[in-house]
**Q** 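Have a look at this one before I ask anything.
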There are 2 protein chains.
Amino acid sequence: MADRSFTTNATRSEQLLFLTDDQLRQGIELMYFAYRGFTADPDRILEGYNYGRAHHRAVHFINRHSGLTVNELLGILGVTKQSLNRVLRQLVDDGLVESRVGRRDRRQRNLYLTAKGQALETELSHAQRRRMRMAYSNAGPEAVAGFRKVLENMIDSDLRDRVLRSLENAKHD
Amino acid sequence: MADRSFTTNATRSEQLLFLTDDQLRQGIELMYFAYRGFTADPDRILEGYNYGRAHHRAVHFINRHSGLTVNELLGILGVTKQSLNRVLRQLVDDGLVESRVGRRDRRQRNLYLTAKGQALETELSHAQRRRMRMAYSNAGPEAVAGFRKVLENMIDSDLRDRVLRSLENAKHD
DNA sequence: CAGTTTATGTCAGCCATGTTGACATTCCAA
DNA sequence: TTGGAATGTCAACATGGCTGACATAAACTG
C-alpha cells in the first residue's frame, strides 16, 4: 500500500489525518444518510405500484443484463431462490418480466423486461439518475472520481467475485 | 466512449461526460454494492447477538448523541415510535441502553449506553471503521474528499433538515 | 384549576422481504 | 440410465417497517 498518491507536500500527520476515528465515523453516517436519499425517490414511486425495493432490484438487473438466468440473478442479488421467486412471479404475472426457456440449456429461464417492464424501469431509473446527476454535477468531476474510488474499495471482495462470476456467464442476449 | 480520466486539462465535452446516463447508472450500481459491503461486517456480528440493523442504528446514534430523547432519535431514524420502541425495549431489557427520566422535562426519556451497550457499539463500530479505513486509505485523501462531497449532495434535503433540527435540540449530556 | 397538548409506552394486526426445509419437475451430462 | 443441476413451489418463521387505538404522566395554557 503506502504511496497511493497522497498529495505532494503534506506532512505524515496530515497524510494520516483523514483516517481518524472521527473522520471514519462521519463517513459512516454520511454513507447511511446518503443511501436513504439514494433510495428515497424510487421508494416513493414503487409505493404507487405496490412494489418494493426487491422488485426494483430485479427490474434493474434484468434491464442491465437482459436475458440473464434466474441463477445468475440469484448470484447478483445474494438472496434465496424462494425469496427471489416470490418477487419474480409477481413481475411475470403482472406482465413486466418475460421468462423464456433457455435455448442452449432448456432447464434455464432467461429473463427479459417486457415493454411494460421497461416503462417501469425507465421511471425508476430516471428518478434515481436525476438525484445522482444532481449530486455529481454539484460535486464536480474530480469529486465523482473520488466517490467512485472509495466505493469500489468498500465493496465486499467475496461479493464482487460472485457478481463478476455471475455476469461473466451472462453473455446472452 | 472516452476514458475515465477526469484529470487536469479536459475539454468541455470531457468535463460533462461524467454525467452520461451510463456513468450515472454505474454510480447507482456502485452505490448499491458498496452499501452491501458497508453493512456486511456489522450484520455478521449482530447475528451472534440476535440483533438486527435496527438495533445497530439505535446504538450508533445513542452513542453519538448520548442523552438524546426518544423523540430526537425518532426524528433521526425516521421510523414510527412503535417500530423504534420494539427495538429500544429489547436494548433496555438486555441492559445495553439506559432510559433516564428527563430533568428539565420529566415526560422525556434521555437515552444512554451502558457499559455493555458501549461494548457492543465498539465491536460494531470497530468492524465498520476497519472497512471504511481500508477504503479510505486505498483511495487516498483526495478521493475521500470527493466521496464526501458527492454523498453530501445525495442526502435528501428534507431528511437533512429534520435530522439537523433533531440534533440541534440534542444538546444534553 | 380545568382542559389540552406533548412525550412516551404498549397492544394488536398487517405487509414486505428475508430465512430454512422439503419436495416435484425437467433436463443435461457422464 | 442415473445423478445432479436449474427451477418452481409450499409451508413456516423472523425482522422490522407500518397503522390504529388507547393509556399515562407531565407540561402548558387560558
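Chain identifiers are assigned alphabetically (A, B, ...) following the order of the sequence lines, protein sequences preceding nucleic acid strands; residue numbering begins at 1 within each chain.
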**Q** Please give, in whole Å, the distance from C:dT17 P to A:Leu77 CG?
**A** 12 Å
**Q** Between the base of C:dG13 and the side chain of B:Gln82, is there any donor-acceptor pair under 3.5 Å?
**A** no
**Q** Starting from the 5' end of DNA chain C, give me the residue, A:Val87 or A:Arg106, whose nearest nucleotide shows up first.
**A** A:Val87
**Q** Write down the distance between CZ (A:Arg86) and P (C:dC15), rounded to a whole number of angstrom.
**A**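 Answer to the nearest Å: 13 Å.
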**Q** Do any side-chain nitrogens or oxygens of A:Thr80 fall under 4.0 Å of OP1 or OP2 in C:dT19?
**A**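 The answer is yes; a side-chain N or O of A:Thr80 sits under 4.0 Å from OP1 or OP2.
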**Q** When every nucleotide of nucleotides 2-8 of chain C is labelled 5' to 3' by its protein contacts under 4.0 Å (heavy atoms), B for base, S for sugar-phosphate only, - for none, what sequence of letters results?
**A** ----BSB
**Q** If we only count heavy atoms from C-beta on, is the A:Asp41 to A:Gln128 side-chain gap below 4.5 Å?
**A** no
**Q** Relative to the ring of B:Tyr51, is the ring of B:Tyr49 parallel (under 30°), tilted (30 to 60°) or perpendicular (over 60°)?
**A**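 The arrangement is parallel - the two ring planes meet at less than 30°.
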**Q** For the residue pair B:His56 and B:His60, categorise the inter-ring angle as parallel (less than 30°), tilted (30 to 60°) or perpendicular (more than 60°).
**A** perpendicular
**Q** Reckon A:His55 has a side-chain N or O less than 4.0 Å from the OP1 or OP2 of C:dT17?
**A** yes
**Q** I'd like to know if the side chain of B:Gln26 pairs up with that of A:Arg148 as donor and acceptor (distance under 3.5 Å, no hydrogens or angles considered).
**A**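 Their side chains do contain a donor-acceptor pair, which is all the 3.5 Å distance test asks for.
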**Q** Taking the side chain as every heavy atom from C-beta outward, state whether A:Asn110 and A:Leu68 have any pair of such atoms under 4.5 Å apart.
**A** no
**Q** State, yes or no, whether a side-chain contact exists between B:Val79 and B:Val87 at a heavy-atom distance under 4.5 Å.
**A**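 No, their side chains stay 4.5 Å or more apart.
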**Q** Does the distance from a Lys or Arg side-chain N to an Asp or Glu carboxylate O, for A:Asp94 and A:Lys116, drop under 4.0 Å?
**A**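 A:Lys116 and A:Asp94: not salt-bridged.
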**Q** Tell me whether B:Arg109 contacts the main-chain N or O of B:Val70 through its side chain, where contact means a donor paired with an acceptor under 3.5 Å.
**A** no
**Q** Heavy-atom contacts under 4.0 Å between residues 28-54 of chain B and DNA chain D, which residues?
**A**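 Result for residues 28-54 of chain B: B:Gly52, B:Arg53, B:Ala54, sorted by number.
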**Q** Decide, yes or no, whether a salt bridge links A:Asp156 with B:Arg36 under the criterion of side-chain N to carboxylate O below 4.0 Å.
**A** no
**Q** Checking all strands, does A:Arg89 fall into the base, sugar-phosphate, or nothing category for heavy-atom contacts under 4.0 angstrom?
**A**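 Result for A:Arg89 = sugar-phosphate.
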**Q** Along DNA chain D, 5' to 3', what are the outermost nucleotides having an atom less than 4.0 Å from a heavy atom of chain A?
**A**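 Taking any atom under 4.0 Å from a heavy atom of chain A, the span is D:dG4 to D:dC10.
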**Q** In terms of the angle between their ring planes, are B:Tyr32 and A:Phe61 parallel, tilted or perpendicular, with boundaries placed at 30° and 60°?
**A**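 Rings of B:Tyr32 and A:Phe61: tilted, 30 to 60°.
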**Q** Whether A:Arg100 engages the ring of A:Tyr112 as a cation-pi pair (distance to the six-membered ring centre under 6.0 angstrom, angle to the ring normal within 45°) should be assessed.
**A**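 The answer is yes; both the distance and angle limits are met.
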